[in-house]
Trainee: 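Have a look at this one before I ask anything.
Note that the structure is a prediction, hence the values are computed from the model and not measured. Residue numbering restarts at 1 for every chain, and letters A, B, ... go by the order of the sequence lines.
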Amino acid sequence: MANSKLRVRFAPSPTGQLHLGGARTALFNWLFAKHHNGSFLVRIEDTDTLRSKDEFTHQICQSMKWLGLDWDDELIFQSKRTELYLAAIQSLLESGQAYRCFATKDELDSYRSMDGSFFYPEIWRNRSENDIQSELDKNSPFTIRLKTPKEGIISFSDEIYGSIKVDNSEIDDFIIARSDGSPVYNLVVVVDDNDMKISHVIRGEDHVANTLKQIYIYDALDYTIPVFAHLPMILGPDKKRLSKRHGATGVQAYQALGFTSDALLNHLALLGWNPGTEQDIFSVQDLIKQFDIKRVQKKSAVFDIQKLHWISAQHIMALSSNSIYDSIKQLNPSWGDSYDKPFLLSVIELLKQRSKTIVDFIHTSHYFFSSPTQFDKKAMRKSWKPETTTSIIELLIIELNTVLEWNSASIEKSIKNYAEKNEISLGKIIQPTRLAISGASGGPSLFSIMELIGKNVCISRLNYAITHFPIIESDKNGS
RNA sequence: GGUCCGUUCGUCUAGUGGUUAGGACUCCAGGUUUUCAUCCUGGCAACAGGAGUUCGAUUCUCCUACGGACUACCA
């Protein structure tokens, strides 16, 4: 039965594109919601007017759609909800749980450098009405700070980390409204999560300190405190938090690299979570069915591109040629343009087992569409001996010309017959033929390639090789 | 500096008061294959260190070390 009360949200700030860490946070929220039949909302945290950009909001949404992380309801923009925050701040001020602080930034800096502490010296925490009024009369700018408790401890129970406790004295009277009156992150988040009736706040581990502060606000505003779950970080190979320094970190980059969204999701899910079985390839449905926030790791995980490649290859092998076709076309609409779909599906079928990404199909399929222009030099030197190979291939062409029904079985039969008849080892025929036809030393079954590209094309490529290969070879020697 | 969090093969991880500490990726060696890839078989490789509790600790406790996060009128 639907659990209509369970509501989670993903709250990116549009100051950059969706990166891997954000994508995983979104994924875990989404999986949690789907698993429990709850709601998954997206809120754009654009209160930093300087750094927030619409184009990033757009990019983030695009990436989420590509990943298939669909959200419920309309997008919520914090920048459009200012009255809500201002009302909360006002009530905090009126109830005496927040106060005006007229200290300037420079003033605070000098305090901090004086005693080397990082704390707010509480200079305006307990001022007389007169002091405050006189600054107000002077029109002095002020921030608004939360009057936080200083005795005892604050604690909460995290779904992943367990109980987290900190001394109240450790936490500053932090700012909830800037001197221009605008509300600050910690306040805004609490007001929104409350207003949106968020039941579970699932976010990165970098937020645990914020959670403590936010709990003060929940208490001061008399809101119900949601359940918190903090996700471990995703690290780069240097064990530092994943960032631009590590190169491709945006979801879009992985899309461009040719990973399918399911493969990326699979890998992201395994970064910090596993079902306790030995399964490592998951469909999205598998993930939804098996996801359990209690099994999320406490330890941060290093992102491993090699494993992603392997997972991707596994997904591709399991995919239908038709859906691979769609993915290729999405990435490169002009791929195999002048060929009909059944032909392209056959190409995909042949390449499927040796492709780790969608771009691999694009990169390794040229010779199905046009004659190779590049030939593997090393392979040529190894398998094309002008003295013997040329005549072998000449005779092979004659042999192939007699093949009436052009399919891989008959081609194979014909070539094997020819080899046997003339006591030539198969390799001496097949390797140069493969090189002439595909330009490479490896690839799918030669007979299948030949069937697909057709008799005439095969023979013309072989003819080209006979006349050009020795020259190419001597060119190479000469240079 | 302070606070919080973490520490099992290089990486992702399973796991238990008594196990030959399991799997996956990578890498290496074989096999299969016309080639490449797949696939199969095998191999390398880990409980950060020190105390304590205990008959027995990788597992429980404490300390140390190391790593990370946070410590803004950013979010």
Trainee: Determine whether A/N274 and A/R295 make a side-chain contact, defined as any pair of heavy atoms from C-beta on separated by less than 4.5 Å.
Mentor: yes

Trainee: Residues from residues 45-55 of chain A sitting under 4.0 Å of RNA chain B, heavy atoms only?
Mentor: A/E45, A/T47, A/D48, A/R51

Trainee: Suppose you measure atom P in B/U19 against the same atom in B/G56; what distance do you get, rounded to whole Å?
Mentor: 14 Å

Trainee: Does a nitrogen or oxygen in the side chain of A/Q306 sit under 4.0 Å from OP1 or OP2 of B/C12?
Mentor: no

Trainee: Determine the interatomic distance between C1' on B/C55 and the same-named atom on B/A69; round to the nearest Å.
Mentor: 42 Å

Trainee: What do you reckon, are the aromatic ring centroids of A/H309 and A/F259 less than 6.0 Å apart?
Mentor: yes

Trainee: Indicate, yes or no, whether a donor-acceptor pair under 3.5 Å links the base of B/C36 to the side chain of A/S441.
Mentor: no

Trainee: Would you say the side chain of A/R9 lies within less than 4.5 Å of the side chain of A/R203, judging by non-hydrogen atoms?
Mentor: yes

Trainee: Rounded off to whole Å, could you give me the NZ-to-C1' distance for the A/K299 and B/A14 pair?
Mentor: 12 Å

Trainee: Have a look at A/T260 and tell me which of A/T357, A/L319, A/I324 forms a side chain to side chain contact (heavy atoms under 4.5 Å, CB included) with it.
Mentor: A/L319

Trainee: Measure from CZ on A/R434 to C1' on B/U33 and round the result to the nearest Å.
Mentor: 11 Å

Trainee: Consider the side chain of A/W310, meaning its heavy atoms from C-beta on, and name the nucleotide among B/U26, B/A75, B/A37 that approaches it most closely.
Mentor: B/U26

Trainee: Regarding B/U33, can its base be found pairing with the side chain of A/S445 as donor and acceptor, where the two atoms are less than 3.5 Å apart?
Mentor: no

Trainee: So A/A103, base contact, sugar-phosphate only, or nothing? Heavy-atom distance under 4.0 Å.
Mentor: base

Trainee: What integer distance in Å separates A/H315:NE2 from B/A24:P?
Mentor: 17 Å

Trainee: Show me the protein contacts with nucleotides 61-70 of chain B, counting only N or O atoms at under 3.5 Å.
Mentor:
unit_1	atom_1	unit_2	atom_2	d
B/G68	OP1	A/K240	NZ	2.2
B/A69	O3'	A/R241	NH1	3.4
B/C70	OP1	A/R241	NH1	2.8

Trainee: If I pick the P atom on B/G30 and the same atom on B/C36, what distance separates them, to the nearest angstrom?
Mentor: 13 Å

Trainee: Which part of the nucleic acid, if any, lies within reach of A/Q279 when heavy atoms closer than 4.0 Å are counted: base, sugar-phosphate only, or nothing?
Mentor: nothing

Trainee: Heavy atoms only, 4.0 Å cut-off, all strands: where does A/R295 land among base, sugar-phosphate and nothing?
Mentor: sugar-phosphate

Trainee: In Watson-Crick or G-U wobble terms, both distances under 3.5 Å, what is the partner of B/U54?
Mentor: none

Trainee: Would you indicate what A/K352 reaches in the nucleic acid, counting non-hydrogen atoms under 4.0 angstrom: base, sugar-phosphate, or nothing?
Mentor: nothing

Trainee: What integer distance in Å separates A/D173:CG from B/U71:C1'?
Mentor: 15 Å

Trainee: Regarding A/G443, tell me which of base, sugar-phosphate or nothing describes its non-hydrogen contacts under 4.0 Å with the strands shown.
Mentor: base

Trainee: Going by atom types only, do A/T148 and A/K150 share a side-chain donor-acceptor pair under 3.5 Å?
Mentor: yes

Trainee: Expressed in whole Å, how much space separates the C1' atoms belonging to B/A57 and B/C62?
Mentor: 15 Å

Trainee: Using the P atom as the reference point in each nucleotide, state the distance between B/G42 and B/U34 in Å, no decimals.
Mentor: 24 Å

Trainee: Heavy atoms only, 4.0 Å cut-off, all strands: where does A/L270 land among base, sugar-phosphate and nothing?
Mentor: sugar-phosphate

Trainee: Between A/L446 and A/S163, which residue's closest nucleotide on RNA chain B lies nearer the 5′ terminus?
Mentor: A/S163

Trainee: What is the nucleic acid contact for A/P12, judged by heavy atoms within less than 4.0 Å: base, sugar-phosphate only, or nothing?
Mentor: nothing

Trainee: Distance between the C1' atoms of B/U8 and B/U58, in whole angstroms?
Mentor: 7 Å

Trainee: Suppose you measure atom C1' in B/U20 against the same atom in B/G15; what distance do you get, rounded to whole Å?
Mentor: 15 Å

Trainee: Counting side-chain heavy atoms from C-beta on, which of B/U34, B/C73, B/U38 comes nearest to A/T143?
Mentor: B/C73

Trainee: Between A/Q17 and A/Q59, do the side chains contain a donor N or O and an acceptor N or O under 3.5 Å apart?
Mentor: no

Trainee: Specify the separation, in whole Å, of atom CD1 of A/I175 and atom P of B/A75.
Mentor: 11 Å

Trainee: So, A/F291 versus A/F28, ring centres under 6.0 angstrom or not?
Mentor: yes

Trainee: Under a 3.5 Å cut-off for both contacts, is B/A21 paired Watson-Crick or G-U wobble with anything, and if yes, with which nucleotide?
Mentor: none

Trainee: Can you tell me how far C1' of B/U3 sits from NZ of A/K213, to the nearest Å?
Mentor: 11 Å

Trainee: Are A/S414 and A/N417 close enough that a side-chain donor and a side-chain acceptor fall under 3.5 Å?
Mentor: no

Trainee: Can you see whether A/F142 has A/R100 sitting over its ring - NZ or CZ less than 6.0 Å from the centre and within 45° of the normal?
Mentor: yes

Trainee: Across the strands shown, which category fits A/G204 at heavy-atom distances under 4.0 angstrom: base, sugar-phosphate, nothing?
Mentor: nothing

Trainee: Could you tell me the separation between the CG atom of A/D280 and the C1' atom of B/U26, rounded to a whole number of Å?
Mentor: 14 Å

Trainee: Is the distance between the ring centroids of A/F102 and A/W124 under 6.0 Å?
Mentor: yes

Trainee: Ignoring the backbone of A/Q353, work out which of B/U38, B/U13, B/U34 is nearest its side chain.
Mentor: B/U38

Trainee: Checking all strands, does A/Y161 fall into the base, sugar-phosphate, or nothing category for heavy-atom contacts under 4.0 angstrom?
Mentor: sugar-phosphate

Trainee: To the nearest Å, how far apart are A/I411 CD1 and B/U34 C1'?
Mentor: 14 Å

Trainee: Knowing that exactly one of A/I215, A/L212, A/L146 qualifies, which makes a side chain to side chain contact (heavy atoms under 4.5 Å, CB included) with A/I171?
Mentor: A/L212

Trainee: Let me spell it out: for each of A/M317 and A/G276, pick the nucleotide of RNA chain B with the closest heavy atom. Which residue's pick is nearer the 5' end?
Mentor: A/G276

Trainee: Just do the side-chain contact (heavy atoms from CB on, under 4.5 Å) check on A/L75 and A/F77 with the steps written out, would you?
Mentor: CA-CA 6 Å; A/L75 242 38; A/F77 290 87; 3.9 Å; yes

Trainee: Ignoring hydrogens and angles, state whether a donor on the side chain of A/E151 or A/N168 is under 3.5 Å from an acceptor on the partner side chain.
Mentor: no

Trainee: Provide the distance between the two C1' atoms, one in B/A72 and one in B/G67, to the nearest whole Å.
Mentor: 25 Å

Trainee: Any side-chain N or O of A/Q297 less than 4.0 Å from the OP1 or OP2 oxygen of B/C5?
Mentor: no

Trainee: Does B/C66 pair with anything, Watson-Crick or G-U wobble, both distances under 3.5 Å, and if so, with which nucleotide?
Mentor: B/G6

Trainee: Counting Watson-Crick and G-U wobble pairs only, both distances under 3.5 Å, name the nucleotide matched with B/G42, or none.
Mentor: B/C28

